[in-house]
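I'd like to ask you about the structure that follows.
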Amino acid sequence: MEKIIPSVKGTRDFYPEEMAIRSWLYQTLREVSESFGYQEYDGPFLEKIDLYAAKSGEELVKEQAFVFPDRGGDLITLRPELTPSLARMVAQRQRQLTFPLRWWSFGPFWRYERPQKGRTREFFQWNIDLIGANSPESDAELVAICVAFFKKTGLKPDQVGVFVNDRRLMDAELENLRITNPEMKKQVFRLIDRRDKMRPEDWAAYAIEVGLSVDQFEGLKAILDNKELWKNSPDMQRFFEALRAMGADEYVHYNPQVIRGLEYYTGTVFEAYDLARDGRAILGGGHYDNLVADVGGEPLPGVGFAMGDVMIGLVLQKYGCLPPLGISPADVLVTVFDETLLIESQKAARQFREMGLKTIGYTEVVRLPRQLKFADRMNIRFVAIVGPDEAAAGQVTVKDLVRGEQFTTTVLDAGELIKKMLA
RNA sequence: GUGGCUGUAGCUCAAUGGCAGAGCACCUGACUGUGGAUCAGGUGGUUGUGGGUUCGACCCCCAUCAGCCACCCCA
């Protein structure tokens with residue numbers, strides 16, 4: 001045998017078991033998204049590099065995207081995120097679309113990163129946005145959607161949580177500490193983001209390096225340790241009140257340390273975690289002032305989030321929330337007795353299918369035990385045997401592999417009985 | 001991009017520098033029109049790849065590829 005050419009680093013093969021999970025996830029996301037009245041959309045998987053160069057940092061495109069020249073010499077990128085494509089799609093029809101826009105998508109993305117737990121180079125992502133809305137209640141709606149997803153999958157509020165903050169609130173709090181320089185604020189945001197990843201003494205040293213005075217540093221720590229800080233913001237108060245009204249507050253926590261790396265978030269920011277702090281963020285999102293800022297067009301505020309399939313898959317597996325495996329591809333297997341009866345078996349299989357039963361007709365002439373074993377392995381509950389006796393009488397013998405019982409009757413009767421037993 | 005751990009049968013893993021093994025799975029039979037269970041037998045390997053050291057390498061060294069993990073980053 002020739003050597004098997006290995007798959008591309010960081011990609012996954014989806015065998016039927018994994019594919020079933022992916023399809024289930026897609027279906028669940030669809031149901032949750034649609035229950036809030038969101039419409040499905042998608043952009044191209046290939047985009048010109050310029051689309052990202054305009055908006056994202058140089059680093060993203062140069063180091064974390066798959067980029068290659070096409071035959072005409074243009075640089076093409078396998079999309080690393082959906083937002084720029086969304087911005088273009090919205091800007092192109094800004095005058096025709098009806099706002100507020102509620103759109104969702106689930107599709108593949110690529111990032112040239114080093115694979116590790118919860119991170120692959122090829123992954124699927126749920127993107128959902130409410131565009132052309134600017135209220136705390138619209139921000140709350142998106143958080144309520146991700147809570148609805150958790151509820152639907154069976155994840156409990158003591159297993160996962162959504163942590164929320166508001167950048168404008170943080171901005172105001174920093175102003176109170178006389179941190180007013182925009183560049184300085186950016187650095188302090190980064191400092192806040194790093195707090196949990198560094199030892200306290202290193203973090204303090206970093207704070208001094210950034211240029212904070214001792215008073216400012218103490219003030220910052222007080223802010224970050226204040227779980228009631230949200231009460232200083234009327235918008236956050238409205239946000240939490242809306243969440244309660246939507247029945248989502250159980251899962252949602254205020255955390256002044258949530259900042260998010262993305263520069264385009266301007267208001268509410270949030271991310272969901274396994275409460276055991278196991279692994280990376282499950283999802284992240286927030287409020288932005290202008291989706292189409294880099295594409296031109298009227299300023300368009302909105303709120304949205306993205307969730308990758310890899311991390312949520314790990315969390316769902318950890319908490320036993322994945323759908324059961326070993327689901328059968330068929331209800332009935334029609335066996336083949338010998339070459340002379342091959343056609344009879346195929347006719348019977350067709351009749352079963354026409355009655356709405358998922359039916360596999362064996363297409364090889366092999367010994368019966370082998371065919372029964374096949375049915376057993378494939379979790380096919382019913383085996384219909386068409387032997388010389390049955391063929392002569394216009395009947396089939398149906399064996400129920402779960403109960404170990406069997407009966408002989410016409411195909412039509414057998415089909416009805418099987419349907420009853422499956423119900 | 002940086003660092004650590006690991007690559008042996010289809011799978012999970014053994015093997016002081018001295019004959020490459022086990023369990024599970026698979027195949028055959030016991031059982032010529034009936035799956036699972038049991039028993040008996042059997043197939044299965046360029047030890048990731050390429051070099052080096054050695055009388056001799058799964059084992060030591062170098063490189064490389066892949067997987068996992070942590071950094072970095074997280075759109």
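From a predicted model like this one, the values you see are computed outputs, not experimental measurements. Protein chains get the first letters and strands the later ones, always in sequence-line order, with residue 1 at the start of each. Atoms considered below: every heavy atom in the structure, side chains included; atoms not considered: hydrogens, waters and symmetry mates.
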- prompt: Roughly how far apart, to the nearest Å, are B:G1 and B:U43 at atom C1'?
  reply: 47 Å
message: Distance check, C1' atoms only: B:A22 and B:G45, in whole angstrom units.
response: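 Taking atom C1' in both B:A22 and B:G45, they lie 15 Å apart.
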task: Could you tell me whether A:Leu82 contacts a base, only the sugar-phosphate backbone, or nothing, with contacts defined as non-hydrogen atoms closer than 4.0 Å?
output: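 A:Leu82: no heavy atom of the nucleic acid under 4.0 Å.
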- prompt: To the nearest Å, how far apart are A:Asn379 CG and B:G36 C1'?
  reply: 12 Å
task: Once you apply the 3.5 Å cut-off to both distances, tell me the Watson-Crick or G-U wobble partner of B:C27, or none.
output: B:G41
task: Check the side chains of A:Gln406 and A:Asp400 for a donor-acceptor pair under 3.5 angstrom, ignoring hydrogens and angles.
output: no
- request: For A:Leu368 and B:G33, give me the distance from atom CG to atom C1', rounded to whole Å.
  value: 6 Å
- prompt: When all nucleic acid strands are considered with a 4.0 Å heavy-atom cut-off, which category describes A:Lys9: base, sugar-phosphate, or nothing?
  reply: sugar-phosphate
- request: Provide, to the nearest angstrom, the distance between the CG atom belonging to A:Leu372 and the P atom belonging to B:A37.
  value: 14 Å
query: When only distance counts, do a donor and an acceptor, one from the side chain of A:Arg370 and one from the base of B:C27, lie under 3.5 Å apart?
result: no
query: Does the side chain of A:Asp274 come under 3.5 Å of the side chain of A:Tyr319 through a donor N or O and an acceptor N or O?
result: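 Distance-only check passes for A:Asp274 and A:Tyr319.
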query: Could you give the CD-to-C1' distance, from A:Glu271 to B:C74, as a whole number of Å?
result: 10 Å
- request: Identify whether any heavy atom of A:Gly10 sits under 4.0 Å from a base atom; if not, whether one sits that close to sugar-phosphate; answer base, sugar-phosphate or nothing.
  value: sugar-phosphate
- prompt: What distance, rounded to whole Å, do you find between the two P atoms, one in B:A25 and one in B:A40?
  reply: 14 Å
- prompt: Between A:Arg114 and B:C74, is there a side-chain N or O to OP1/OP2 distance below 4.0 Å?
  reply: no
- prompt: Using the C1' atom in both, what is the distance from B:A20 to B:U28, to the nearest Å?
  reply: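 One C1' to the other, the span is 26 Å.
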message: Please confirm whether the shortest side-chain N or O distance from A:Arg280 to OP1 or OP2 of B:A70 is below 4.0 Å.
response: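 No.
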query: Between B:G33, B:C73, B:G35, which nucleotide has the shortest distance from any of its atoms to the side chain of A:Asp376?
result: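 Between B:G33, B:C73, B:G35, the one nearest the side chain of A:Asp376 would be B:G35.
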Donor-acceptor pair (no angle test) under 3.5 Å: A:Lys373 side chain, B:G36 base: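 Not at all, since no donor on one side and acceptor on the other fall under 3.5 Å apart.
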field: Any strand: nucleotide that pairs with B:G21 via Watson-Crick or wobble, under 3.5 Å
entry: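 Because both required distances fall under 3.5 Å, B:G21 counts as paired with B:C13.
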- prompt: So, does the side chain of A:Arg381 form a donor-acceptor pair with the base of B:G35 at under 3.5 Å?
  reply: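 In this structure, the two groups form no donor-acceptor pair.
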message: Can you tell me whether the side chain of A:Glu390 and the base of B:G33 have a donor-acceptor pair closer than 3.5 Å?
response: yes
message: If you assign A:Gly404 and A:Lys117 each to the RNA chain B nucleotide with the nearest heavy atom, which residue ends up on the more 5' nucleotide?
response: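 Final value for this comparison: A:Gly404.
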message: Can you say whether a donor on the side chain of A:Gln371 sits under 3.5 Å from an acceptor on the base of B:U34, or the other way round?
response: no
message: Please report the distance, rounded to the nearest Å, between CG in A:Asp400 and P in B:G36.
response: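 That distance rounds to 16 Å.
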message: If only side-chain N and O atoms count, and only distance matters, is there a donor-acceptor pair under 3.5 Å linking A:Tyr265 with A:Asp166?
response: no
query: Roughly, in whole Å, what's the span from CZ in A:Arg79 to P in B:C74?
result: 21 Å
task: Between B:A15 and B:U54, how far apart are the P atoms? Round to whole Å, please.
output: 27 Å
- request: Could you check which nucleotide pairs with B:U34 in any of the strands shown, counting Watson-Crick or G-U wobble with both distances under 3.5 Å?
  value: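 None - no nucleotide pairs with B:U34, as no candidate has both distances under 3.5 Å.
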- prompt: Is a donor-acceptor pair below 3.5 Å formed from side chain A:Arg111 to base B:C73, judging by atom type as modelled?
  reply: no
Electrostatic pair A:Arg350-A:Glu354, nearest N-O below 4.0 angstrom: yes
- prompt: So what does A:Arg190 hit on the nucleic acid, given a heavy-atom distance under 4.0 Å: a base, only sugar-phosphate, or nothing?
  reply: sugar-phosphate
- request: Check whether any side-chain nitrogen or oxygen of A:Gln116 sits under 4.0 Å from OP1 or OP2 of B:A70, and answer yes or no.
  value: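 True: A:Gln116 side-chain N/O within range (under 4.0 Å) of B:A70 OP1/OP2.
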- prompt: Between A:Arg381 and A:Asp376, is there a salt bridge with N-O shorter than 4.0 Å?
  reply: no
message: For A:Glu390 and A:Thr397, which I'm curious about, is there any donor-acceptor pair between the side chains at under 3.5 Å?
response: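 Side chains of A:Glu390 and A:Thr397: pair found under 3.5 Å.
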message: Work out how far the C1' atom of B:C73 is from that of B:G17, and round it to whole angstrom.
response: 44 Å
- request: Between A:Leu314 and A:Phe337, name the one whose nearest nucleotide on RNA chain B is closer to the 5' end.
  value: A:Phe337
message: Under a 3.5 Å cut-off for both contacts, is B:G1 paired Watson-Crick or G-U wobble with anything, and if yes, with which nucleotide?
response: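 Pairing partner, where one exists within any strand: B:C71.
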- prompt: Just how far, in rounded Å, is C1' of B:C73 from CZ of A:Arg260?
  reply: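 A:Arg260 atom CZ is separated from B:C73 atom C1' by 12 Å.
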- prompt: What is the distance from CG of A:Leu333 to P of B:G33, rounded to the nearest Å?
  reply: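 After rounding, the reported distance stands at 18 Å.
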Presence of donor-acceptor pair under 3.5 Å, side chain of A:Arg367 and base of B:U32: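 Absent.
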- request: Choose from B:C73, B:C68, B:G33 the nucleotide whose nearest atom is closest to any side-chain atom of A:Pro115.
  value: B:C68
B:G7 to B:U12 separation - C1' atoms, rounded to the nearest Å: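 Taking atom C1' in both B:G7 and B:U12, they lie 14 Å apart.
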Whole-Å C1' distance, B:C65 and B:G29: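 Pairwise C1' distance, B:C65 against B:G29, rounds to 44 Å.
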message: Between the side chains of A:Glu122 and A:Arg111, is the shortest nitrogen-to-carboxylate-oxygen separation below 4.0 Å, so that they form an ion pair?
response: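 Salt bridge flag = no for A:Glu122 with A:Arg111.
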task: Please examine the side chains of A:Arg30 and A:Trp104, heavy atoms only from C-beta on, and report whether any two atoms are closer than 4.5 Å.
output: yes
